[in-house]
Amino acid sequence: MVDFLKLFQKVISREVKLVKLNKEVRELCGVDVAYWGETGVAVAVCEGEKRLINTAKGKVTFPYIPGLLFMREAPIMIKALEGISPDLLLVDGHGIAHPRESGIATVLGVLLEVPTVGVAKSKLVGEVVEENGLNYLVLNGKKVGVKSGKYYYSPGNLVTLEDVIELSRQGYPSVLREADRLSKKFREDLKLS
DNA sequence: GCGACAG
DNA sequence: ATCTTGTCGC
């Protein structure tokens, strides 16, 4: 099964288009997931003309396996993103800074056909190499992302490394901060009800 | 065999 | 991710 999933990721990585995000980002969205045992709570926070918050709740049984995070969180994240098509989607996890260049941000970007960037709190693969004052994440001699502060940013789909660097300069995205805060808040609400 | 290992 | 106390520092 794991072999099949890895093949799926290789197919996904072949569909990735690292092209410049030209359109102005009017609606920025961020998604995160919190857990209460086997119950997952996904929250999508969108900031644009109006502020939107979507949630999704459900059993998450697939185990956490480094490199296969998408199997655990992508399904419920997609539920929370139903009906939403942001100009840019930020995902808690890596994009192409992944063994098969197919982290959860990349999988979501390809499946939903939306520009995505992966923002992770820790490294999965690659080494940090400084160049021109920037800490690039290098994998197999290729720059696949950047480290800014304590976070790792990498292209998911439909964005360039330059777009990602630009985003990383803005500091940790508020939409992800909010998605993280709210997912944990809603989890607490579940414990009570 | 050993170390690394998103959330 | 989640489980958890105190402690160090701005």
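Below, read A as the first sequence line, B as the second, and so on, with proteins coming before strands; counting in each chain starts at 1.
For DNA chain B, the neighbouring residues in residues 62-71 of chain A, judged by any heavy atom under 4.0 Å, are A:Tyr64, A:Pro66, A:Gly67, A:Leu68, A:Leu69. Taking every heavy atom of residues 105-125 of chain A and every atom of DNA chain B, pairs under 4.0 Å involve A:Ala120, A:Lys121, A:Ser122, A:Lys123, A:Leu124, by number. Using a 4.0 Å cutoff on non-hydrogen atoms, the parts of residues 92-104 of chain A near DNA chain B are A:Asp92, A:Gly93, A:His94, A:His98, A:Gly103, A:Ile104, ordered by number.
The shortest side-chain heavy-atom distance between A:Val41 and A:Trp36 does not fall under the 4.5 Å cut-off. With a 4.5 Å cut-off on side-chain heavy atoms, A:Asn54 and A:Glu82 do not count as touching. A:Asn135 places none of its side-chain heavy atoms less than 4.5 Å from the side chain of A:Val146. No side-chain heavy atom of A:Ser13 sits less than 4.5 Å from a side-chain heavy atom of A:Phe8. Within the 4.5 Å cutoff, no side-chain heavy atoms of A:Leu137 are placed close to those of A:Val129. No side-chain heavy atom of A:Val60 sits under 4.5 Å from any side-chain heavy atom of A:Glu73.
Heavy-atom minimum distance, A:Val144 versus A:Ile96: O-CG1, 3.6 Å. Across A:Ile84 and A:Ala44, no two heavy atoms sit closer than the pair CD1-CB, 4.4 Å. Shortest non-hydrogen contact noted between A:Val91 and A:Ala105 is CB-CB, 3.9 Å. Contact record, A:Val159 with A:Pro115: CG1-CB, 4.0 Å, taken as the closest heavy-atom pair.
With sequence neighbours left out, the salt bridge (charged side-chain N to carboxylate O under 4.0 Å, His left out) criterion links A:Lys147 to no other residue. Scanning for salt bridge (charged side-chain N to carboxylate O under 4.0 Å, His left out) contacts around A:Glu101 gives A:Lys142, with sequence neighbours left out.
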Nucleotide by nucleotide, nucleotides 3-10 of chain C touches protein heavy atoms under 4.0 Å in the pattern (B base, S sugar-phosphate only, - none) S-------

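Residue pairs meeting the side-chain hydrogen bond (donor to acceptor under 3.5 Å, both in side chains) criterion with at least one partner in residues 172-193 of chain A, sequence neighbours excluded, are A:Glu47-A:Ser174, A:Arg51-A:Glu178, A:Glu178-A:Arg181, A:Asp180-A:Lys184, A:Lys185-A:Asp189, A:Glu188-A:Lys191. Counting only residues at least two apart or on different chains, the side-chain hydrogen bond (donor to acceptor under 3.5 Å, both in side chains) pairs with a member in residues 107-129 of chain A are A:Asp92-A:Lys121.
Taking the centre of each ring, A:Phe62 and A:Phe70 stay at or above the 6.0 Å mark.
For DNA chain B, the span of nucleotides reached by chain A at under 4.0 Å from its heavy atoms goes, 5' to 3', from B:dC5 to B:dG7.
A donor-acceptor pair is defined here as one N or O able to donate and one able to accept, closer than 3.5 Å; no such pair exists between the side chain of A:His94 and the backbone of A:Ser154. The closest donor-acceptor contact from the side chain of A:Ser102 to the backbone of A:Ile12 lies at 3.5 Å or more, if one exists at all.
Within the cation-pi definition used here (under 6.0 Å to the ring centroid, within 45° of the axis), A:Arg72 qualifies as a partner of A:Tyr35.
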Dot-bracket summary - DNA chain B, pairs being Watson-Crick or G-U whose distances fall under 3.5 Å, with | when paired to another strand: .......

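Paired runs in DNA chain C never reach 3 or more consecutive Watson-Crick or G-U pairs with both distances under 3.5 Å.
Within 6.0 Å of CD on A:Gln170 lie more than 12 heavy atoms contributed by other residues, nucleotides or ligands.
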Table please: side-chain donor-acceptor pairs of residues 15-34 of chain A below 3.5 Å, with sequence neighbours left out.
unit_1	atom_1	unit_2	atom_2	d
A:Lys20	NZ	A:Asp163	OD1	3.1
A:Lys23	NZ	A:Asp87	OD1	2.9

